[in-house]
Amino acid sequence: MSRELPTAFAIGEALRIALAGDPDVILMGEDVAGGGTRPAGTDEAGGILGATRGLIKEFGPERILDTPISEMALLGAAVGAAATGMRPVVELMFMDFLGVCFDPLLNQAAKFRYMFGGKARLPLTVRTVTGAGMHAAAQHSQSLYWITSGIPGLKTVIPSNAGDAKGLLLSAIRCDDPVIFCEPKQILFLSSEVPEGDYEIPIGKANLVRQGGDVSLVGMGATVNIALQAASQLAQEGIQADVLDLRSLQPLDEEAILTTLGKTGRLIVIDEATPRCGIASDVAALCVDKGFDLLNAPVKRVTAPFSPVPFSRVLEEAYLPTPQKVIDAVHELF
Amino acid sequence: MSRELPTAFAIGEALRIALAGDPDVILMGEDVAGGGTRPAGTDEAGGILGATRGLIKEFGPERILDTPISEMALLGAAVGAAATGMRPVVELMFMDFLGVCFDPLLNQAAKFRYMFGGKARLPLTVRTVTGAGMHAAAQHSQSLYWITSGIPGLKTVIPSNAGDAKGLLLSAIRCDDPVIFCEPKQILFLSSEVPEGDYEIPIGKANLVRQGGDVSLVGMGATVNIALQAASQLAQEGIQADVLDLRSLQPLDEEAILTTLGKTGRLIVIDEATPRCGIASDVAALCVDKGFDLLNAPVKRVTAPFSPVPFSRVLEEAYLPTPQKVIDAVHELF
Amino acid sequence: MQLTYERVLGAYRTMRMIRSFEEKLVELVNLGKMSGFLHVYLGEEAVAAGVCAQLGEHDYVASTHRGHGHAIAKGVDVRGMMAELFGRRTGTCKGKGGSMHIADIDKGMLGANGIVGAGIPLATGAALTAKLKKTGGVAVAFFGDGASNQGAFHESLNLASIWKLPAVYVVENNGWGEFTPTDYVVPVKDIAERARSYAMPALIADGMDFFDVFAKAGEAIARARSGGGPTLLECKTYRFAGHYVGDALAYRPKDEAEKWMTERDPLRGFAERVLSDGLLNQDDLQRVDGEVSRHIEDAVKAAEAAPFPDASEVTTDVYADSHRRG
Amino acid sequence: MQLTYERVLGAYRTMRMIRSFEEKLVELVNLGKMSGFLHVYLGEEAVAAGVCAQLGEHDYVASTHRGHGHAIAKGVDVRGMMAELFGRRTGTCKGKGGSMHIADIDKGMLGANGIVGAGIPLATGAALTAKLKKTGGVAVAFFGDGASNQGAFHESLNLASIWKLPAVYVVENNGWGEFTPTDYVVPVKDIAERARSYAMPALIADGMDFFDVFAKAGEAIARARSGGGPTLLECKTYRFAGHYVGDALAYRPKDEAEKWMTERDPLRGFAERVLSDGLLNQDDLQRVDGEVSRHIEDAVKAAEAAPFPDASEVTTDVYADSHRRG
Ligand SMILES: Cc1ncc(C[n+]2csc(CCOP(=O)(O)OP(=O)(O)O)c2C)c(N)n1
Ligand SMILES: Cc1ncc(C[n+]2csc(CCOP(=O)(O)OP(=O)(O)O)c2C)c(N)n1
Ligand SMILES: [Mg+2]
Ligand SMILES: [Mg+2]
């Protein structure tokens, strides 16, 4: 029996399953229990966007922990707890807040295992909201997953729909490495099919969500829908597109990228992040290295411009990738 | 009359010229005045690596400011000072420490001008030591310039020798935008020619340091010397290499990259940083987009592996790019 | 600073402007005419008004996500702010900033800020400028009780103390940080106590009372101006509305809010006081109310009529790309 | 905890081991046989020894850039440490970590740390584990006076206080942070005062006196273990050597250092005390000195003879890539 849920609910469901199945799993973050870790019954909040609503009632204040607005201590303590036997899931409200708690990820979580000669396990998950689309402006709209993806020792995943969010989050929590789980604003309140029960989607594997043979559209998070919309329109002109959902940004599924490139010879990456030093460049660089012989055309990147995220609706629309921008890029290749 | 100086001295010289020429220029950082901003005469330190030694005597404790080990306040205050009329030059001892002071760069300095509709000027320079080569291990050896290069609103430069360090630093300090000035460990104590007096090297322009016609080697910071060494060896086999020193990582001199690619059709980027989401990927992505028709071979990236920086000398040697690794990559292209 | 008739009237105008401006915002959001992340300052007007009444042209303030009140009190043009919130090209930030980034550096307003605590080091830097350039200026950081748990608070107050900077740190203790009551996250009774860690003097003001804020801020600012260094000023206040516009407030005891709103409304308290002291009369107040209300209506009309930025502006204003020769 | 003969002897062995280990390191660096960024703990031995003498298997410590002393006191194998500093595969971290990253989580040592202040939240997290898993364990963060100006200090102590975590925060106030005297950057006399900001109890110990550290640490650790929450323990101590091995120490008054070294050497003080109290005799001390010195010599020989890691190991140990089914 299929059912549709908004992504935020699917995330809540994954958290519930992970908490029920493993006593070491705990949740930490601002207002994740509803504010002040108060007794069951006053959990109306559940994080600023409501993803953890209700969990305090089920799992109690020892496992669902409200924290002060002290992200450095929050992340640092989560790293310390993970290294000593817990399996913490941290809510970092918006990924932009990385600015105040970068060290525990950059220099601690990412490096413990290596620096300590393999003698550390860091089962830490950081859930964090990314991206633009809610007129939240420059400090609440960034897609900074390129930063965490670029740091050896971290893994970074990003779902494109509710069902994937559930399965990827379960994998992230159960992974013995630190995983950054991105929650794109544009999909958080979109509904899609979510299987019942416990299932995992492997980290490191991309998903071919549409089959075509003429051009490859590679997306991640919210841009997968954009790619799919572009693909439908392109189909009407007779251009059939493969659409690849990366799902995992680090590790990157190089094989899947090269496979679709091998079919089509033409590839476009669509990324909501800014263009420099991003996932889009990595995909393009992979194509021109290992995929050189497969290429029939330039690799195009449809990304945000190299600017902060603007507030005004009209500017934000101009800022984000759209199906039309993808279609225009495709036309350049034929 | 030509003279050679170690890069650290050239940096000191640039600072002295900038301070003498503009009363708004101030220096801030840990021990930059020698510890505790004490009266002239006790300036034996001058930062952990000595680059600012002697400046306190000349410019006094109002302009050379020792700070507590509070990088968040240091960077944040520098941003506030820059926005209100000063031209601060901050020493962030090692770039790895970005972890504790990322917000003032990511969300403040980089975005003020844009968020405020063009009504802010942020003449801030952050000098910071980057890279491996001193057995300083995972938390004191990172090349994190890919992070600052990827953030719209910041500029990032990296010299490859002492003379460039002086000219680039003078440009950085006089630039009305926030500039990250990287000081690669491997060149800090190498000497090279440094012109006398006041001169600037423009931000955003690469420098073709060697002319060849068969292959393009693109480097930055310490990898320029590696590229040059590789080029000499390749010349003995009859392969002539262009060597392009990027100098500026953001803005990136796309024209210079495409020009050398146009000459050779074959390009290799050499970067000391880790391979994901880096400058090397951006250069490769540029080649396969705007340079597609110029390409005769895959674009190869010679970078550090996707690992933290190891301590042991033997591992650190294996970690870093070397002339031999560049030569091997070139051989793959012919 | 003397509280002349003009100043008292000005203080009332400021508070009324903040109140009316934000009541209008709430209305506009509810009508679906405005969007974005909006945090209103309703109930806290006396803090911004009381502190900023002590400041002049060459003084700076750094603000928070809840920044409209500070901006208005520091003299930022209300029409520009309204246009900004409508995302128009005529806005204070050309529509690029929105509520959380309203700034006007020429007016000494260093910006609202979307990052909790981030304004604290910025004001510290502005105070450094004032000290080094000997402008006689002072810099004020406004921030919340929640922000006092950020590392930036600790580092900045320490730095300001050892450098004796002309800074005032105003913590607006409104009892809540988002959905969390302050007493869960701050284990000391008064945040003012935290000043001791930096050998810094502290003051506590009744943040619902313009006159008390004005007096205490005056003391702190005078100390800063005369080279006596920074002060931590705690203003005890209350957030009348939700954390953001749209917040259903289910987590907060209704009676707590009602008590504050009926007993401690800063505008009502101010009016009672000035009337009974004979500082202003009923006509004065009504005249201001009328002016403010027309001003806001005009601002809305002008904003709604103003053009949106052109899509091409998305990539402008990223860099100055200018250069100063040494 | 009772100071039995065994424990007193153990304490002396720990301090002597730290002293001899690091004197050897300085020698090796001067001979050009060892490299890297090395910070020695000489002079501060009583702090690590006094605190760790109160800890057991299930307790954790998080350390600093100056971490050899904490590692040795927490029972990390000295041969492994020596091999690590030589960059050998047999090192504690297989040669990947070096001085600033010596760690042995199984021994409760969460790592030296190259980032000032970074160990403080880590210990806070280890204390959270102890509390949630009810292990009866305690977590100790060691850090310097300089680190007490980091935001991580402020945020962590506050968090530990509101959660009543079994944590002890040991600030090693050695009068200097790199080349800067503490009194320039810390405007309060005692860093212990900063505990008030978190409603946390504080203690001050003479960090040159093992017995005082042992007693005060015992009080703090007992409080933590019994559910009484965290304590800030300030140990007044002194860094005998430079900030790093190779530091010419030109910035520091010579007489200041000489005074501490001649009057307050923690090993000499300890010896005098145990001899005069009859806790140990001269033979005991000499036996330990001899054992330690042989142990260090053996460790150096073994390290020098040990293989370097293979170049291929540069890319191993980045990820666990393992998975736990719920
Ligand atoms: C670093 C950071 N963490 C979290 C948030 C989300 N957030 C915005 S306002 C707020 C509450 C702030 O509380 P307080 O400082 O007391 O100010 P108030 O809202 O009460 O005025 C939070 C948690 C943020 N914007 N920045
Ligand atoms: C975040 C950060 N800033 C600066 C440094 C450079 N640094 C290493 S140790 C040190 C001094 C630390 O002083 P203190 O905390 O008093 O410890 P001590 O060295 O005296 O033991 C500094 C500035 C660093 N490693 N990390
Ligand atoms: Mg508050
Ligand atoms: Mg110290």
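Every heavy atom of this structure was used, including side-chain atoms; hydrogens, water molecules and symmetry mates were not. Throughout, a chain's letter reflects where its sequence line sits, starting with A, and its residues are numbered from 1.
- Between I115(D) and V100(B), the closest side-chain pair of non-hydrogen atoms falls below 4.5 Å.
- For the side chain to side chain contact (heavy atoms under 4.5 Å, CB included) test with T180(D), the passing option among T67(B), I69(B), D31(B) is D31(B); the others fail.
- Proximity to chain B (any heavy atom under 4.5 Å) is restricted, for L85(D), to the backbone atoms N, CA, C and O.
- Residue R313(B) qualifies as open at atom CZ: its count of foreign heavy atoms under 6.0 Å is 12 or below.
- When side chains are defined from C-beta on, H243(D) counts as touching I48(B), because their heavy atoms get closer than 4.5 Å.
- The CZ atom of F37(D) sits 12.5 Å away from atom CD of Q139(B), with the distance rounded to the nearest 0.5 Å.
- Taking the six-membered ring where the residue is Trp, the centroids of H101(D) and F311(B) are separated by 6.0 Å or more.
- Side-chain contact of N149(D) with S70(B): a donor-acceptor pair under 3.5 Å is absent, judged by distance alone.
- In this structure the side chain of L315(B) reaches within 4.5 angstrom of the side chain of K96(D), judged on heavy atoms.
- With a threshold of 4.5 angstrom between heavy atoms, E316(B) does not approach chain D through any atom at all.
- Counting only heavy atoms from C-beta outward, the side chains of D66(B) and Y184(D) approach each other to under 4.5 Å.
- When the heavy atoms of residues 124-135 of chain B are compared with those of chain D, the residues falling under 4.5 Å are M134(B), H135(B), listed by number.
- When C93(D), A152(D), G98(D) are compared by the number of non-hydrogen pairs under 4.5 Å with chain B, G98(D) comes out ahead.
- Using a 4.5 Å cut-off between heavy atoms, V314(D) contacts chain B through both its backbone and its side chain.
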Item to complete: Test side-chain contact (heavy atoms from CB on, under 4.5 Å) on V116(D) and E71(B) and set out the steps.
Response: CA-CA 10 Å; V116(D) 166; E71(B) 286 86 357; over 6 Å; no
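- The minimum heavy-atom distance between V185(D) and P68(B), with the atom names listed, is CG1-CA, 3.4 Å.
- Contacts with chain D were tallied for A136(B), A138(B), A304(B); A136(B) has the most, counting heavy-atom pairs under 4.5 Å.
- Residues E178(D) and E30(B) share a closest heavy-atom pair of OE1-O, 4.4 Å.
- Smallest separation of non-hydrogen atoms from S312(B) and P309(D): OG-CD, 3.8 Å.
- Only the backbone of D310(D) comes within less than 4.5 Å of a heavy atom of chain B; no side-chain atom from C-beta onward does.
- Remark: F9(B) CZ is loosely packed, at most 12 non-hydrogen atoms of other residues, nucleotides or ligands lying under 6.0 Å away.
- The shortest distance between side-chain heavy atoms of M72(B) and Q150(D) does not fall below 4.5 Å.
- Only the side chain of F94(B) comes within contact range of chain D, with at least one heavy atom under 4.5 Å from a heavy atom of that chain.
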